[in-house]
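The structure appears right after this line, and notes come after that.
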Amino acid sequence: MSAFAANSVLNRLGVARYGMDPMDFAAIRVAAGGLMLWVLVGLRGMARPPLWSGRRIGGTVCLAGYMVGFSWAYLSLDAGIGALILFGVIQVVIFGWSVAAGQAVPSRRWLGAVVAFGGLCVLLWPSGAQALPWGGATAMIIAGIAWAGYTLLGRGEPDALGASAANFLLCLPLVLLALLVSDAGQLSVAGVVTAAIAGAVTSGLGYALWYHILPQIATTLAGIAQLSVPVLTVAAGALLLAEPVTARLIVAGMLVLGGIAIALPARR
């Protein structure tokens with residue numbers, strides 16, 4: 001979750017501070033992530049992961065849908081409402097899939113999800129009335145569905161590193177295609193370096209670690225844990241970007257982390 005939060009901070013730096021176009025940032029991010037993962041696949045000395053399979057196609061489409069939808073959405077959405085839509089959709093899809101698959105979801109996990117998402121609303125709910133740009137909202141809904149699908153597919157991956165490497169490699173042409181139909185932005189050295197770090201470290205390695213962890217935890221718990229990402233992002237912004245720490249942030253953080261604690265399995 002810290003890697004996911006760092007992705008948001010680096011994205012904010014690259015796009016807002018260094019003036020990169022979101023799709024340029026996404027393309028460099030995917031390319032750097034794929035390069036990092038394939039170097040590691042080569043160093044481990046095992047057979048290369050298969051590129052063409054049903055699971056690989058699904059993972060590629062979901063990763064590309066998330067990257068492109070996320071980038072396009074923030075061209076018109078505020079950060080707060082965008083995160084609310086994204087993580088709300090992720091929760092609905094993951095919990096809906098778990099119920100449809102006949103998985104038993106303990107009542108404490110339902111309660112934890114409600115409390116944690118309530119804390120997220122406290123943190124991110126926009127003040128005052130504002131029109132919701134439906135194009136951006138639709139793109140973020142697509143991104144949320146895609147990331148939930150990427151998470152669900154990861155539960156059955158026997159090779160987390162190889163699967164992630166293949167997903168990034170096959171995702172790159174789709175992101176580049178989306179880049180061709182978007183407006184070109186300016187490229188700066190600082191922005192490119194930021195995007196490369198986001199791709200190689202917090203995306204490439206972070207997503208591979210996520211795929212390694214997913215088979216070891218319950219599906220719904222994986223969904224709830226991700227609600228901590230906006231809180232970690234805001235906290236990192238306060239520490240690294242000198243953004244203000246407010247009472248609203250403290251209360252929201254306590255609610256989100258408290259909800260996650262409620263959802264965790266009881267241990268003797």
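Keep in mind that what you see is a predicted model, and the values were worked out from it rather than measured. Hydrogens, waters and symmetry mates are skipped; everything else that's a heavy atom, side chains included, is used.
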- Contact check, side chains of D159 and L161, non-hydrogen atoms, under 4.5 Å: yes
- Query: Under the 3.5 angstrom rule, does the side chain of S203 hit a backbone N or O of A198 as a donor-acceptor pair?
  - Reply: yes
- Item | Smallest separation among heavy atoms of L221 and A263, with atom names | CD1-O, 4.0 Å
- How far apart are the C-alpha atoms of R29 and D24, what are their side-chain angles, what is the distance that settles it, and do they pass the salt bridge (charged side-chain N to carboxylate O under 4.0 Å, His left out) test? CA-CA 8 Å; R29 179 181 169 190; D24 288 335; over 6 Å; no
- Please examine the side chains of M23 and W72, heavy atoms only from C-beta on, and report whether any two atoms are closer than 4.5 Å. yes
- Query: Do L255 and V231 belong together in a cluster built from hydrophobic side chains that touch within less than 4.5 Å?
  - Reply: no
- Message: Side-chain heavy atoms nearer than 4.5 Å, only ILVMFWY residues, links allowed to pass through others: does that put L153 and V61 together?
- Response: no
- Message: If the condition is side-chain contact (heavy atoms from CB on, under 4.5 Å), which residues does A113 pass it with, not counting sequence neighbours?
- Response: F95, I224
- Query: When you measure from the side chain of R108 to the backbone N and O of L264, does any donor-acceptor pair fall under 3.5 Å?
  - Reply: yes
- Item | Straight-line distance of I85 CD1 to I142 CD1, nearest 0.5 Å | 12.0 Å
- Between W147 and Y207, what is the ring plane arrangement, given parallel below 30°, perpendicular above 60°, and tilted in between? tilted
- Measuring from M1:CE to L232:CG, what's the distance to the nearest 0.5 Å? 9.0 Å
- Quick one: CG on L13 to CD1 on I197, what's the gap to the nearest 0.5 Å? 9.5 Å
- Message: Donor-acceptor pair, distance only, cut-off 3.5 Å: does the side chain of S71 make one with the backbone of V68?
- Response: no
- Message: So that I know where these two stand, are Y150 and Y211 an aromatic pair - ring centroids less than 6.0 Å apart?
- Response: yes
- Query: Do T151 and Q226 have side-chain heavy atoms sitting under 4.5 Å apart?
  - Reply: yes
- Query: How about F70 and N11: do any of their side-chain heavy atoms sit closer than 4.5 Å?
  - Reply: yes
- Taken to the nearest 0.5 Å, the spacing of W38 CH2 from S164 OG works out to 11.0 Å
- Item | V256 versus L227, closest heavy-atom pair with distance | CG1-O, 3.5 Å
- Message: So, using salt bridge (charged side-chain N to carboxylate O under 4.0 Å, His left out) as the criterion, who are the partners of R109 when residues are at least two apart?
- Response: none
- Verdict with reasoning, R155 to Q216, per side chain to side chain contact (heavy atoms under 4.5 Å, CB included): CA-CA 8 Å; R155 293 187 53 76; Q216 305 173 46; over 6 Å; no
- Is there a path of hydrophobic side-chain contacts, each under 4.5 Å between heavy atoms of I, L, V, M, F, W or Y residues, that connects I262 with V122? yes
- Answer yes if L257 and V114 sit in the same cluster of Ile, Leu, Val, Met, Phe, Trp and Tyr residues linked by side chain heavy atoms under 4.5 Å apart, and no otherwise. no
- Pairwise distance CG(L10) to OG1(T233) - rounded to 0.5 angstrom: 10.0 Å
- Sequence neighbours left out, what passes side-chain contact (heavy atoms from CB on, under 4.5 Å) with A6? Give chain and number order. T202
- To the nearest 0.5 Å, tell me how far L63 CG sits from L169 CG. 11.5 Å
- Can you tell if the side chain of M20 reaches within under 4.5 Å of the side chain of I28, non-hydrogen atoms only? yes
- Message: Within the structure provided, determine whether F25 and T194 are in side-chain contact (heavy-atom separation under 4.5 Å).
- Response: yes
- Query: Looking at V93 and A148, what are the two nearest heavy atoms and their distance?
  - Reply: CG1-CB, 3.5 Å
- Message: Using every non-hydrogen atom in the two residues, find where C171 and V30 come nearest and quote the distance to one decimal.
- Response: SG-CG1, 4.2 Å
- Query: If you take all heavy atoms of A252 and G119, which pair is closest and at what distance?
  - Reply: CB-O, 3.3 Å
- Query: L180, V175: one ILVMFWY side-chain cluster at the under-4.5 Å cut-off?
  - Reply: no
- Item | Shortest non-hydrogen contact from A27 toward L176 | CB-CD2, 4.1 Å
